[in-house]
Amino acid sequence: MLAPTEIIQNVKTLRNELERHNYRYYVMDDPTVPDVEYDRLMNRLKDIEAKYPLLIVPESPTQRVGGAPLAGFTQVTHEMPMLSLDNAFSEDDMQDFNRRIIGRLGNIGAEDGVVEYVCEPKLDGIAVSLLYEKGQLVRGATRGDGETGEDITQNVRTVNSIPLKLMGSGYPERLEVRGEIYMPKSSFDALNQEAERTDNKLFVNPRNAAAGSLRQLDPKITAGRNLEMCCYSVGIVEGGAFSDTHSDSLYCLNQWGFRINAEMKVVADVDGCLSYYQSISEKRNLLPYEIDGVVFKVNNLALQQRLGFVSRAPRWAIAHKFPAQEELTTVLDVEFQVGRTGAVTPVARLVPVFVGGVTVSNATLHNMDEIERLGLMIGDSVIIRRAGDVIPKVVKVVEEKRPDNACSVTFPALCPVCESEVIQLEGEAVARCSGGLFCAAQRKEAIKHFASRKAMDIDGLGDKLVESLVDEDYIKSVADLYKLTRFQVASMDRMAEKSANNLLGALERSKNTKLSSFVYALGIREVGETTARTLSNAFGTLEKIRTANVETLLAVQDVGPIVANHIVSFFEQSHNNEIIEQLIAVGVHWPDVVVDETDKVFQGKTFVITGTLSQMSREEAKEKLLELGAKVSGSVSKKTYCLIAGEAAGSKLKKAEDLGINIMNEQAFIDLL
Ligand code: I6G
C-alpha cells in the first residue's frame with residue numbers, strides 16, 4: 001500500500017512523462033518511445049485516477065478525450081482583436097509591400113534599404129486563440145469576426161499538439177497564443193473514406209473538415225478527428241516579455257510545448273521572400289497539410305511596433321497567396337463521354353474559370369451516383385476544386401443559387417457516339433456502351449492507349465491525330481496503324497512531310513517491343529502496367545497468357561477473380577485474336593521472358609519499414625523483402641500492403657493506422673520470414 005504522498009508523486013511523474021512523450025510525438029514529430037509504452041503509461045495513470053478521482057485535474061493527459069456535450073457555444077470578446085492579413089498576388093505586390101516598409105522605416109530600421117523577414121507557409125485551417133494563465137490553458141476561442149469569437153475550450157483541449165499546461169519556464173503570467181488548427185491531408189482522406197463507406201456526407205476540403213470538427217458540441221467527436229495546431233504569433237503578453245524578434249518568439253513557443261511550422265525561415269530581404277514563395281510552391285503538394293500561400297513578417301518586433309496597423313491589418317505582414325484552388329462557376333451542360341472500355345462518363349461543361357493556376361471548362365462527374373450524391377442539376381452554381389495536378393472536381397452544389405430553369409440530368413439509354421444500348425450491370429456504378437469496337441469512341445480511346453508511352457510508345461501519334469485518322473476511316477483497329485501509307489499520314493491536318501516521316505519511323509520502331517508493354521497495350525480491362533508486367537513475368541509468353549484459364553490466372557500474385565475473368569474473356573473474343581495475329585504479321589515482336597520459378601510470396605506488394613529494428617538492420621529487412629518479390633517504399637499510402645513498425649515508430653505508424661493498413665511488429669515479421 002502506497003502512502004498518499006507517494007501516490008501523488010507517481011501521478012505527477014506519469015503526467016510529466018506523458019506530456020513529454022506527447023510533445024515529442026505531436027509537436028516535434030520525433031517520438032522517443034514506441035506507442036505501446038505510451039499506452040502503458042497512460043493506462044497506469046488512468047487506473048490511478050479511477051481509484052482516486054479527487055486527483056483528476058483538467059490538465060491531466062487523460063482529460064483530452066473530451067468531456068460532456070455542450071448545449072451551445074458561448075461568445076468570447078477578444079481582448080486584443082485578431083486581425084487579418086493583407087494579400088499579395090504577384091511579385092509586384094510583394095515589391096510594393098517591401099517598398100512601403102522601407103519607406104516608412106527610413107533611416108531608423110532600414111538604413112541600408114533592407115529589412116529582415118520571417119517566412120512561414122499559410123496553413124488553410126481555422127484561426128484560433130489560446131489563453132494561458134500561469135501556464136494553464138484556460139480558454140480556446142475561434143477568431144470569429146476578429147472582435148468576437150466562440151468559446152471552443154472543450155474542443156481545443158482534445159487537440160494533442162496543444163499543451164494543456166506550458167512546459168519549461170520563463171513564460172509570461174498571461175499569454176495568448178494564436179495560430180491555425182488544421183486537419184492533415186491524410187486524416188482528411190481517412191475521414192472522407194469513412195464517410196463514403198458509411199454513406200455520410202463528404203467534406204469538401206480539409207479546411208471545412210477542421211471547421212466542422214471544431215464546431216462540434218460533443219468534444220468526443222472532435223477528439224476523434226485528428227486535428228493539429230500550428231502557432232504563428234502571440235496576442236496578450238502580460239507579466240514577462242520574452243523576445244525581440246518574431247522568429248525568437250516562435251522558438252520560445254516551441255520550447256513551451258507548441259508546434260511551430262518546420263518550414264519557418266528567416267530571410268535577409270524581399271528577394272529571400274520571393275525565393276521562399278517559389279520553393280514552397282514547388283513542395284506544396286508534398287506537404288502533409290493544405291496551404292493557400294505564404295506569410296511574410298518583419299522579424300524585428302520593435303520595427304513591427306513602429307510600423308503599426310492600417311484598418312484591420314498589420315503593416316508589417318503580408319500573405320502572398322497561391323492561385324485559388326477552389327472557385328465558383330456554373331454548369332452549362334452535362335455531356336456524356338465514352339471511354340476505352342465503353343464506360344459512359346458524365347462530364348460537366350462549365351463557364352470557364354481560373355482555378356489552381358489553370359482555366360477549367362470541364363469537370364468529370366464520374367457516374368450517376370456521383371451526380372445524385374452532389375444533387376447536381378444543369379444550371380447550378382458549383383464549387384470546383386483543382387488541387388495540385390489533380391483533375392478538376394465538382395465538390396459542392398450551391399443550392400441557394402439554383403435558378404428556376406435548372407434541369408435535371410438524364411442518363412442516355414443509347415451511346416451518344418454509336419447509338420448502341422448503354423448497359424449498367426447489377427452492382428456496378430459505371431454504365432457502358434455495348435458497341436465494343438463498333439463504337440468510334442471506344443476505338444479512338446483503344447488506339448490512343450495502344451500508342452501511349454507505357455504501351456507501344458509511338459512517338460508523334462497524339463490524341464488529335466488518332467481522332468482524325470479514325471474519323472477519316474484510315475484506321476479501324478490498332479493493326480491498321482501499321483498499314484498507314486505516307487500519303488495518308490501526310491494528308492492529315494498540320495502534317496508536314498517531315499512529321500509524316502517521323503511518325504512512320506516511330507511506328508516502325510514500336511514494332512520492337514516488350515511482352516509486358518504489348519500486353520498492357522492490348523487494353524484488357526483492369527490490366528494496368530503493373531498487372532501486365534506481373535503476367536509477363538509469371539507466364540513468359542503471350543501464348544501462355546492467352547491460353548491461361550481463370551484458375552491458372554488466380555495463382556498469379558495480385559490477380560483477383562475480376563481481372564482473371566476480364567483476361568479470359570478478352571482472349572475468348574475472336575476479333576481480339578485476329579488483331580493480335582495481324583500485329584504479329586506486320587512485324588510486332590518481343591522477346592519471351594525467362595520465368596523465375598522461385599516462390600515470391602510478396603510479389604508486387606508494397607512494404608514500408610519504420611522505427612528501429614533490434615534484430616536486423618532496416619537495410620537487411622529491406623533485402624529480405626525484395627528477395628520475396630516485395631517493393632519497399634519510404635512512405636505510407638493507400639497502396640501500402642504492410643507497415644513493419646520497429647521501436648519508436650512515429651508518424652508513419654499513425655498514418656498506417658489512420659488508413660487501416662496491415663501493421664506488423666518486428667517479431668511478427670521475423671516469425672513470418
Ligand atoms: O491568418 C494568418 C495566417 C498565418 C495570420 C498570420 C499567419 O502567420 C503565419 N499572422 C498574423 C499576424 C495574422 N494572421 C493576423
Side-chain angles (χ1 to χ4, degrees), residues 27 78-89 94 97 100-101 115-131 140-149 161-162 175-183 205-208 210-211 214 227-237 243 245-254 258-267 272-273 276-277 279-281 283-284 287 289-322 324-325:
V27 176
H78 297 294
E79 282 174 53
M80 277 176 73
M82 289 183 77
L83 305 175
S84 51
L85 290 177
D86 268 346
N87 292 324
F89 294 100
M94 278 302 298
F97 163 73
R100 282 195 300 273
I101 286 181
V115 166
E116 188 177 80
Y117 292 101
V118 180
C119 319
E120 289 168 78
K122 188 172 184 306
L123 297 185
D124 207 2
I126 308 299
V128 295
S129 138
L130 305 174
L131 185 61
T142 58
R143 175 181 181 278
D145 62 5
E147 301 279 347
T148 313
S161 42
I162 294 179
L175 173 69
E176 184 197 6
V177 177
R178 293 175 174 180
E180 209 85 355
I181 290 190
Y182 62 97
M183 186 175 283
N205 54 39
R207 185 181 189 282
N208 287 18
L214 276 183
L227 297 175
E228 288 188 13
M229 158 116 181
C230 185
C231 299
Y232 56 65
S233 71
V234 291
I236 303 162
V237 178
S243 57
T245 59
H246 176 62
S247 51
D248 229 36
S249 65
L250 292 178
Y251 292 130
C252 285
L253 291 179
N254 188 225
F258 295 95
R259 173 185 270 271
I260 58 170
N261 201 298
E263 305 295 332
M264 191 262 280
K265 190 175 174 193
V266 179
V267 296
C273 295
Y276 182 84
Y277 177 86
S279 81
I280 293 291
S281 310
K283 68 199 289 197
R284 180 182 189 184
L287 295 174
Y289 41 76
E290 295 264 10
I291 60 173
D292 59 356
V294 291
V295 177
F296 303 112
K297 293 176 183 165
V298 171
N299 195 17
N300 184 312
L301 296 183
L303 297 187
Q304 282 192 5
Q305 204 161 16
R306 280 201 22 233
L307 287 162
F309 302 87
V310 57
S311 59
R312 311 233 41 82
R315 283 204 185 89
W316 40 264
I318 198 153
H320 192 177
K321 302 290 283 279
F322 295 138
Q325 291 195 306

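Being a predicted model, the structure only gives us computed values, none of them experimental. Counting starts at 1 for both ligands and their atoms, in listed order.
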Using heavy atoms and a threshold below 4.0 Å, how should the contact between Lys297 and ligand 1 be classified: side chain, backbone, both, or neither?
side chain

Ring-plane angle category for Tyr289 and Tyr182, please: parallel below 30°, perpendicular beyond 60°, tilted otherwise.
perpendicular

Indicate yes or no: at least one non-hydrogen side-chain atom of Ser243 is less than 4.5 angstrom from one of Leu301.
yes

Atom 1 (O) of ligand 1 has as its nearest protein heavy atom Tyr232 OH, 3.7 Å

Tell me which donor-acceptor pairs under 3.5 Å the side chains of residues 117-128 have, and how far apart each pair is, sequence neighbours excluded?
from, atom 1, to, atom 2, distance (Å)
Tyr117, OH, Asn98, OD1, 2.6
Glu120, OE2, His246, NE2, 3.3

Give the single entry among Leu83, Asp124, Ile260, Val294 that approaches atom 15 (C) of ligand 1 most closely by any heavy atom.
Leu83

Ring-ring centroid check Tyr277 Phe322, cutoff 6.0 Å:
yes

